[in-house]
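To keep things clear, I will list the structure first and then write my remarks on it.
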Amino acid sequence: MRTDVHSDVRVNDFVVKFANVNGSGSASANGLFARAILRMGVPVAARNIFPSNIQGLPTWYEVRVTGDGWRGRRGGVDLMVAMNPQTWDKDVAELEPGGWLFYDSTKPLQPSRFRDDVTVLGMPLTAICNATYTDARQRQLFKNIIYLGALSALLDIAPEEIERLFGEQYKGKEALIDANRKALAMGREHAQQAFACPLPIRVARSDRVGERIFVDGNSAAALGAVYGGATVAAWYPLTPSSSLAESFGSYCRKLRTDPATGKKRYAIIQAEDELASIGIVVGAAWNGARAFTATSGPGVSLMQEFLGLAYFAEIPAVLFNVQRGSPSTGMPTRTQQADLVSCAYASHGDTKHVLIFPEDPTETFAFGAQAFDLADRLQTPVFVMMDLDIGMQDWLTEPFEWDDAKRLDRGKVMTEAELEAGRDFGRYLDVDGDGIPYRTYPGTHPSKGSYFTRGTSKDRYARYTEEGPAYVDNMQRLLRKFETAKSLVPAPVITRASKPTRSGVIWFGSTGAAMSESLAALELDGIHLDRMRLRGFPFVDAVADFITAHDHVFVVEQNRDAQMKSLMVNECGIDPSRLISILHYDGTPITARFITREIAEKARVFNVTPLRRTGAA
Amino acid sequence: MRTDVHSDVRVNDFVVKFANVNGSGSASANGLFARAILRMGVPVAARNIFPSNIQGLPTWYEVRVTGDGWRGRRGGVDLMVAMNPQTWDKDVAELEPGGWLFYDSTKPLQPSRFRDDVTVLGMPLTAICNATYTDARQRQLFKNIIYLGALSALLDIAPEEIERLFGEQYKGKEALIDANRKALAMGREHAQQAFACPLPIRVARSDRVGERIFVDGNSAAALGAVYGGATVAAWYPLTPSSSLAESFGSYCRKLRTDPATGKKRYAIIQAEDELASIGIVVGAAWNGARAFTATSGPGVSLMQEFLGLAYFAEIPAVLFNVQRGSPSTGMPTRTQQADLVSCAYASHGDTKHVLIFPEDPTETFAFGAQAFDLADRLQTPVFVMMDLDIGMQDWLTEPFEWDDAKRLDRGKVMTEAELEAGRDFGRYLDVDGDGIPYRTYPGTHPSKGSYFTRGTSKDRYARYTEEGPAYVDNMQRLLRKFETAKSLVPAPVITRASKPTRSGVIWFGSTGAAMSESLAALELDGIHLDRMRLRGFPFVDAVADFITAHDHVFVVEQNRDAQMKSLMVNECGIDPSRLISILHYDGTPITARFITREIAEKARVFNVTPLRRTGAA
Amino acid sequence: MTYLAKPKIHHPSLARNALGFTRRDYEGAISTLCAGCGHDSISAAIIQAFYELDVPPHRVAKLSGIGCSSKTPTYFLGNSHGFNSVHGRMPSVLTGAALANRDLIYLGVSGDGDSASIGLGQFAHVMRRGVNMVYIVENNGVYGLTKGQFSATADKGSKSKRGAVNSDEPIDLVTLAITLGATFVARSFSGDKEQLVPLIKAAVAHRGAAFIDVLSPCVAFNNHPGSTKSYDYVREHNESVNFLDFISPREEITTEYAPGEARTVVLHDGGTVRLHKVGRHYDPSDRAAALGYLETHRAAGEIVTGLIYLHADSADMHDALDTIETPLNALGDTDLVPGSAALVRLNASLR
Amino acid sequence: MTYLAKPKIHHPSLARNALGFTRRDYEGAISTLCAGCGHDSISAAIIQAFYELDVPPHRVAKLSGIGCSSKTPTYFLGNSHGFNSVHGRMPSVLTGAALANRDLIYLGVSGDGDSASIGLGQFAHVMRRGVNMVYIVENNGVYGLTKGQFSATADKGSKSKRGAVNSDEPIDLVTLAITLGATFVARSFSGDKEQLVPLIKAAVAHRGAAFIDVLSPCVAFNNHPGSTKSYDYVREHNESVNFLDFISPREEITTEYAPGEARTVVLHDGGTVRLHKVGRHYDPSDRAAALGYLETHRAAGEIVTGLIYLHADSADMHDALDTIETPLNALGDTDLVPGSAALVRLNASLR
Ligand SMILES: Cc1ncc(C[n+]2csc(CCOP(=O)(O)OP(=O)(O)O)c2C)c(N)n1
Ligand SMILES: Cc1ncc(C[n+]2csc(CCOP(=O)(O)OP(=O)(O)O)c2C)c(N)n1
Ligand code: SF4
Ligand code: SF4
Ligand SMILES: [Mg+2]
Ligand SMILES: [Mg+2]
């Protein structure tokens with residue numbers, strides 16, 4: 001195997017991938033690796049690729065070190081930390097030519113198992129551990145820290161940053177801090193002796209991280225729910241949404257415990273299933289509490305009947321849908337944006353629902369809070385459409401912000417005073433012409449404002465009727481209400497290309513991470529596209545205007561059936577032929593490389609770049 | 001009140017409406033009325049309008065006597081049989097000017113409760129009954145037969161036909177036959193004395209009924225399932241679908257009891273809910289039996305998760321969806337076509353399902369049988385999309401037909417012999433390029449052909465994998481399979497207008513009943529439309545071709561959100577602006593009058609009839 | 001509204017309770033159920049109980065699923081908010097409502113199909129959770145609203161109006177509720193006001209999950225073997241047209257019998273049920289004993305009525321969750337929103 | 001596949017059973033569960049039982065829901081068809097399969113979350129229906145696959161790895177199954193092959209709904225209060241990173257004790273369960289007695305194991321439905337399609 005010297009030094013711009021075994025303690029070690037680089041002021045984009053398993057199956061952690069601060073996956077690997085014999089061949093194959101392969105050389109391997117075009121860095125990790133530790137579990141646990149030490153030497157990562165992180169992580173557990181320090185040093189020394197450190201790919205301190213924080217979207221959503229005034233959460237464990245409900249619990253313990261009594265200003269129910277979760281949310285919201293559930297596709301499927309009831313009974317319910325690969329028994333640990341139709345038109349009958357699409361944890365926090373205002377204002381279910389990539393991955397993202405002047409908008413709720421004053425109350429009466437009626441909380445007034453809640457078969461005063469005209473009247477009001485929703489959901493973000501163009505591109509959610517990088521690449525390639533990032537459904541007119549203002553508009557989605565395109569065509573009544581789908585749905589987060597390639601290809605076909613092509617003539 | 005003589009006699013062309021109280025025995029009497037007219041060779045279109053109640057609430061029965069054999073509601077009433085004091089005013093108001101009002105005159109009513117422009121026919125029914133019967137329940141029960149007698153005199157309905165029906169209905173119960181005969185005669189005599197019989201609206205024997213039968217769609221579907229070879233039915237009571245499962249039971253008792261042993265060649269489970277119903281169907285179909293469930297919107301909502309599993313695990317399941325007003329707690333006794341989206345894209349994730357749309361009981365029988373071949377051939381769920389109007393109303397419809405040469409198509413099932421012969425078996429292997437793989441029934445072969453069934457996370461040989469490429473490969477095959485489905489589902493029925501035109505109209509399902517009449521009216525009005533009746537989803541290319549071949553195409557649907565239009569735009573990629581929606585969704589069956597008015601109006605706007613308008617200039 | 005004669009709820013006087021409300025203040029819209037339906041008797045008992053309890057009507061929330069029984073909340077407590085939710089899922093909706101405002105009284109009304117068939121899971125879990133509520137099942141062994149199919153409480157071997165025979169084991173919701181941890185479990189008969197009204201009052205007073213199974217004969221479809229051998233126009237008529245074309249208006253079935261006694265009640269179609277009322281000295285606090293008592297009488301073909309199990313000083317869901325005394329739906333911005341300062345600290349911890 | 005050392009299923013010999021199959025013929029793919037997971041011991045017991053029963057492997061259909069437990073059918077009977085359905089709904093899928101072909105053996109494998117939480121309704125109704133099957137719940141009191149939340153069988157007051165305390169009443173599936181009409185109800189412990197293997201064999205032989213609740217410790221998340229007070233690197237480490245970063249490979253927990261005896265089993269994290277094996281003279285045929293026995297031992301903090309209730313000559317679902325002996329999935333056109341002649345008569349009756 002070759003070990004020639006690389007001339008071209010690449011600082012703060014490379015991809016390291018860790019191949020590990022699930023439950024072997026690597027997760028925390030790899031996390032330290034990423035965070036140490038961040039502490040050096042160098043941005044990273046890190047992603048965990050894990051199986052539907054608790055212990056024993058392969059798991060990967062990919063860290064893109066990117067001084068430019070790109071947030072998506074780049075594709076390709078420069079340094080592979082191959083700690084899992086079972087996936088060795090696949091892992092080795094994934095390396096870019098000229099890359100580096102770090103592995104445990106305790107057991108010798110056939111030369112055939114290596115590649116000629118990569119540099120091999122073997123280190124007898126098991127041997128070192130066996131020599132140092134007696135307890136089997138310690139041997140396994142500290143092996144991770146030892147390779148972390150080696151990497152810090154190879155990539156020039158400041159060990160003091162790692163040690164500081166030890167201190168924070170094991171606060172008060174001196175024995176652990178010590179043991180980890182020793183293991184780290186051991187790894188560093190061994191690497192410094194064995195290899196020419198640092199490698200051409202290396203980390204150099206910088207100031208590109210700034211105020212940004214490193215956090216996952218599920219935590220951000222949970223925090224958003226706290227700030228949004230949610231008091232009731234009902235959920236059923238479902239990957240990848242479980243950690244959302246669980247962090248809501250931990251944030252509430254910190255932020256919502258009554259100082260005086262030590263009692264809780266919130267209630268969390270782990271229900272028996274998703275039907276019960278949404279039922280609890282509906283009951284709580286009907287009774288005036290802000291309530292939410294966190295779930296994923298299979299849960300949304302089970303909630304369909306209740307969602308129809310909530311639409312017709314006009315109950316403000318908030319759902320966080322952390323989308324994953326479909327269906328129920330498939331790809332729970334993979335990411336997708338494939339529940340758009342099942343959420344937008346959830347339930348049988350004529351129903352339409354409000355969706356909002358955050359692009360990263362920062363926006364997830366903001367939208368997570370806003371969702372409750374939207375739900376109360378519109379008296380209807382609101383879906384915060386996340387995905388596994390946003391929800392379960394740690395993102396380097398702008399810090400959370402809150403305007404203390406802001407007040408919770410509880411929407412149209414008629415008070416005891418108003419009722420007492422004789423104000424006319426009709427639960428389904430469109431008093432303001434915006435399609436939104438007033439509601440009362442149960443128990444408000446001894447003799448006024450009580451009503452019986454039903455799906456339909458009711459008139460404007462909530463009296464039972466099976467009359468056709470009353471039904472139509474109510475259904476049309478619901479459409480007016482949906483009209484009103486257009487101006488309340490977050491507006492799309494529209495930005496012009498650097499050069500005038502007749503083509504555009506539309507995306508939403510986690511795709512943004514790869515999009516900006518791809519658009520930069522396309523511009524270099526002479527392909528200029530005006531941009532629209534969708535953030536809410538139903539769509540404001542600006543969406544249709546953007547599309548009709550261009551000859552061709554690419555729609556980038558992470559699903560098979562171009563579901564967002566369907567929503568736009570249905571709701572905006574535009575000609576589908578203008579929309580060109582770029583679809584990625586293998587369960588991995590979409591990459592800039594993929595988008596760039598696909599758009600460049602189709603751009604030629606659809607003759608998107610006339611200027612450039614004439615220039616070439 | 002006026003009782004002047006009407007000059008214009010209208011034979012076999014009028015509408016009679018009965019206003020009754022639920023559970024008062026009127027249903028059977030009214031049924032006799034309609035069937036007696038049929039026995040005279042005169043077509044009727046009869047509809048029951050009933051509440052979500054067992055006893056005491058208002059219920060109506062509308063009989064359109066139509067020599068021309070129109071099947072839809074006409075709108076308007078010529079003779080109102082007003083037997084329900086509670087709905088009196090509404091019922092009286094519904095009469096056409098010059099119409100007739102038949103009522104129980106035992107208690108005198110204020111003149112103000114009547115109308116000057118209708119002829120009132122009062123008959124002291126209660127008084128007659130009280131004079132004749134002692135038992136309170138007999139008084140109530142025979143009151144219905146007495147007014148039936150009166151009507152037979154007023155409308156010239158042959159009493160012998162009614163008596164023959166008594167004989168058939170109460171076969172072997174002489175006492176009942178007798179009692180009914182007497183009551184009928186009583187009513188006739190009283191009417192003949194009191195009124196100038198017959199009225200100008202009257203029935204005259206004819207030969208327009210022919211071979212046709214009088215049956216409801218739920219019975220037809222159940223019979224279709226018997227002929228389609230269904231052996232397992234699992235259901236949960238849900239109006240308006242319950243009678244489908246119940247008649248499957250009665251037909252099976254007759255047609256599927258093993259003569260030798262008296263044992264059953266079928267199994268019916270009334271499950272604990274819809275999740276269990278579809279689960280049972282999925283399990284039975286997986287294990288090689290033909291299985292179905294009958295349900296309505298709320299049930300479909302609860303089945304969403306299982307439907308996703310069935311799509312990905314490729315299980316042939318048949319669902320009869322007897323659509324009703326949405327949502328769960330509303331309008332269960334009203335008709336709608338509003339579950340198209342929730343069925344076509346049932347479940348979260350990327351899913352597409354096969355739908356077929358019968359237009360009447362005759363087609364429901366045929367499609368009901370065919371659905372099982374489709375499901376087995378395509379190894380996917382198949383929805384037979386009915387509605388309350390087809391399912392629960394008695395239709396005058398063509399007799400059921402069956403070709404004894406036809407064999408059940410069990411689709412691609414690999415046999416023990418083939419496996420033994422060493423034929424390669426991959427559960428998800430696209431051997432024929434049509435996207436349809438082979439399956440094996442459990443227990444087929446000791447060592448070959450067994451596989452583990454999962455949603456996704458599998459390769460072509462059903463081995464577990466979470467690899468992206470394997471996922472994409474499978475998802476694309478499923479799309480190929482859906483392509484294949486296009487040519488297997490019933491093709492649309494396309495007919496040209498009598499004059500060349502640049503406009504067309506599309507409809508499906510029960511709307512057909514009113515459509516033909518409306519089209520005739522429109523032609524008289526100079527509006528010529530080419531016609532396409534959709535019968536299956538996914539759509540063959542002919543659907544897109546029909547649309548693109550016209551400038552404007554009206555799409556007539558019985559839902560608020562133009563759901564069929566959405567399906568066409570999504571799947572055929574056509575410009576929505578060509579499609580003009582005609583939407584009716586108040587829960588009553590759509591009428592010819594409504595369609596004609598709506599189309600005529602919009603036709604002018606969309607300038608559909610240039611010829612005529614230039615002619616008018 | 002209903003258009004056939006039916007027993008009206010009587011107003012012997014317009015007496016007022018401690019709060020000055022008359023019984024009318026606890027009534028609702030006129031019932032649209034079949035004349036003589038047991039459910040109407042239960043509604044009357046509920047009205048009576050709340051009147052006697054001196055509860056302000058609007059401080060009660062009525063929740064139900066779907067069914068004839070689940071319709072009844074429209075017919076009592078007209079000044080309370082009501083929620084006719086979805087079939088079999090009332091328990092979860094009630095749980096959510098109870099979380100939002102611990103100060104109201106929660107009355108869940110359901111049917112045997114709603115609670116024992118489609119709703120069994122939610123029924124079980126709401127009992128386990130100790131939600132502070134009164135949960136009444138109006139138990140007639142059939143699906144009334146969908147026209148008489150068996151529910152999961154129908155006796156094995158019983159025959160439906162359509163002649164189908166039930167082969168599944170019946171579910172005894174009382175046994176189930178006890179084994180699942182309900183802390184107040186009782187059974188009664190719709191027509192036995194003497195027993196039912198006090199039970200409802202005690203259930204309201206109880207803190208935690210209180211369940212009352214009320215046998216409530218269905219006039220239209222009750223599934224006990226018809227015993228009238230006498231010639232019957234109506235039965236013959238309905239049989240020949242083979243659907244329920246005519247429903248005879250009936251009187252409500254009432255019964256009165258002393259604690260410790262057993263009583264056979266004859267139903268509208270001549271079928272019977274044998275009820276056994278727990279005696280004055282019956283001790284409802286012993287869970288094992290209660291289960292045994294039910295099992296022995298079941299074996300003897302008797303249905304036990306009365307307060308069957310009681311765990312007096314039990315903790316409810318809010319105790320378990322340790323929620324604040326103020327109703328959650330009454331908390332304001334300052335109670336709920338931590339503000340920007342806290343956020344700054346949080347951001348810092350994420351770098 | 002799994003990449004950490006774990007107890008392999010041993011092959012002392014390649015002995016053949018009456019049908020000439022070796023034990024290997026009853027095995028499946030290699031387990032991907034955590035080393036030491038009780039579920040693997042149960043898989044081994046299933047393999048052993050079917051081997052000893054001389055059942056042709058392909059005549060068994062394995063059905064499960066979702067969960068670590070529901071994954072196990074991949075790890076045994078590799079020549080049987082398997083169906084990993086949806087969470088909590090295996091009972092309905094199994095019911096359908098059993099209807100389609102009464103000649104196969106149906107083995108349902110589920111978890112406590114799958115059967116007692118989301119699946120409680122279907123669990124109850126499949127027992128009532130007397131479906132001819134063996135239904136095994138691999139009961140660890142937690143949701144393993146979703147990382148250790150409580151299931152509905154978790155003891156009240158038990159603490160999760162995340163420190164949450166369970167406040168709901170636990171569900172005893174054995175008591176439930178008996179009250180719901182299951183005709184074979186047993187309980188065992190994953191590590192007690194001496195007891196478990198014969199129980200599985202008896203369950204397969206039983207005609208009707210046979211249920212076995214198998215306590216099966218979860219290595220990763222079992223929710224008994226950790227009692228190891230000794231300093232533990234791994235525990236401290238996992239606590240500080242506050243997720244389950246490292247899972248220590250463990251040996252399976254086995255136990256052996258005689259009928260009539262009680263035995264305390266120590267779990268991986270030092271927690272304990274006390275098992276009481278029914279004695280040789282215990283009479284499982286008395287339903288009331290069985291329920292009482294369970295209740296008394298429960299009160300004494302003991303979990304009863306063994307064959308707890310048996311109703312020997314019971315009728316199954318097919319008997320109740322009176323279905324033909326030929327499997328429904330084997331009936332052909334002539335058995336199923338009445339043909340045009342019958343249709344002509346039907347048409348005539350509709351005029
Ligand atoms: C999801 C769903 N499935 C089925 C129905 C139809 N349905 C309405 S009420 C009912 C049963 C009611 O029985 P029960 O709860 O005993 O009430 P009862 O009418 O007997 O008082 C059914 C099956 C429904 N409304 N929703
Ligand atoms: C509808 C749905 N909700 C939630 C989940 C997530 N989920 C998978 S397994 C599981 C619980 C498994 O617990 P248990 O049945 O006890 O099995 P164990 O892993 O403990 O063996 C859950 C909640 C799912 N797959 N489907
Ligand atoms: S059908 Fe039965 S339950 Fe329903 S209202 Fe009538 S009597 Fe009561
Ligand atoms: S998490 Fe628990 S149940 Fe799941 S495999 Fe590991 S030990 Fe077994
Ligand atoms: Mg009932
Ligand atoms: Mg478990």
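Each chain gets a letter, A, B and so on, in the order its sequence line appears, and its residues count up from 1.
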Where on [X] is there a heavy atom nearer than 4.5 Å to chain B: the side chain, the backbone, both, or neither?
X	value
R128(D)	neither
M317(D)	side chain
P338(D)	both

Region of [X] that comes under 4.5 Å of a non-hydrogen atom in chain D:
X	answer
V281(B)	neither
R256(B)	side chain
K254(B)	neither
I269(B)	side chain
L165(B)	neither
R290(B)	neither
Y266(B)	backbone
L38(B)	neither
A276(B)	both
A234(B)	neither

**Stepwise side chain to side chain contact (heavy atoms under 4.5 Å, CB included) test for Q122(D) and E272(B)** = CA-CA 8 Å; Q122(D) 293 213 343; E272(B) 64 270 28; 3.7 Å; yes
**Request:** Count the heavy atoms of every other residue, nucleotide or ligand shown that sit under 6.0 Å from CD of E401(B), and state whether that count exceeds 12.
**Result:** no
Mind ranking [options] by heavy-atom pairs under 4.5 Å with chain D and telling me who comes out on top?
options	answer
E211(B), E168(B), R212(B)	E211(B)
K448(B), R265(B), H445(B)	R265(B)
Y251(B), F214(B), W286(B), W402(B)	W286(B)
V209(B), V282(B), L275(B), D273(B)	L275(B)
G288(B), S219(B), A313(B)	G288(B)

Measuring from [X]:[atom1] to [Y]:[atom2], what's the distance to the nearest 0.5 Å?
X	Y	atom1	atom2	answer
T397(B)	L350(D)	OG1	CG	10.5 Å
H318(D)	K264(B)	NE2	NZ	12.5 Å
F452(B)	S80(D)	CZ	OG	10.5 Å
K62(D)	T453(B)	NZ	OG1	9.5 Å

**Request:** Show your working on side-chain hydrogen bond (donor to acceptor under 3.5 Å, both in side chains) between H81(D) and T444(B) and close with a plain yes or no.
**Result:** CA-CA 9 Å; H81(D) 275 65; T444(B) 299; 5.6 Å; no
For the candidates [options], which exhibits the highest count of non-hydrogen atom pairs separated by less than 4.5 Å from chain B?
options	answer
D103(D), T95(D), V126(D), T74(D)	T74(D)
L94(D), T323(D), N101(D)	T323(D)
N79(D), N347(D), L328(D), L321(D)	N347(D)
A330(D), P73(D), G339(D), P56(D)	G339(D)
T326(D), V337(D), L336(D), L346(D)	L336(D)
L331(D), D335(D), L99(D)	D335(D)

**Asked** Counting N and O atoms only, with roles assigned by atom type, does the side chain of D404(B) sit under 3.5 Å from a partner on the main chain of S340(D), one being a donor and the other an acceptor?
**Response** yes
**Asked** Has the side chain of R39(B) got a donor or acceptor atom that lies under 3.5 Å from a matching backbone atom of R351(D)?
**Response**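 Answer holds: yes.
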**Prompt:** Where do A284(B) and A100(D) come nearest, in terms of heavy atoms and distance?
**Reply:**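 Closest approach of A284(B) to A100(D), heavy atoms only: O-CB, 3.6 Å.
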**Item:** Minimum heavy-atom distance A342(D)-L255(B), with the two atoms named
**Value:** CB-CD2, 4.2 Å
**Asked** Side chains of P442(B) and F83(D): does their closest heavy-atom pair fall under 4.5 Å?
**Response** no
**Asked** Side chains of L223(B) and L343(D): does their closest heavy-atom pair fall under 4.5 Å?
**Response**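 Side-chain contact under 4.5 Å: yes.
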**N287(B) and Y106(D) side chains, donor-acceptor separation under 3.5 Å** = yes
**Message:** Using side chain to side chain contact (heavy atoms under 4.5 Å, CB included), reason through Y464(B) and T32(D) one step at a time and then give a plain yes or no.
**Reply:** CA-CA 11 Å; Y464(B) 188 85; T32(D) 63; over 6 Å; no
**Request:** Check the pair S85(D), L309(B) against side chain to side chain contact (heavy atoms under 4.5 Å, CB included), reporting the backbone distance first and the verdict last.
**Result:** CA-CA 7 Å; S85(D) 65; L309(B) 175 71; 4.3 Å; yes
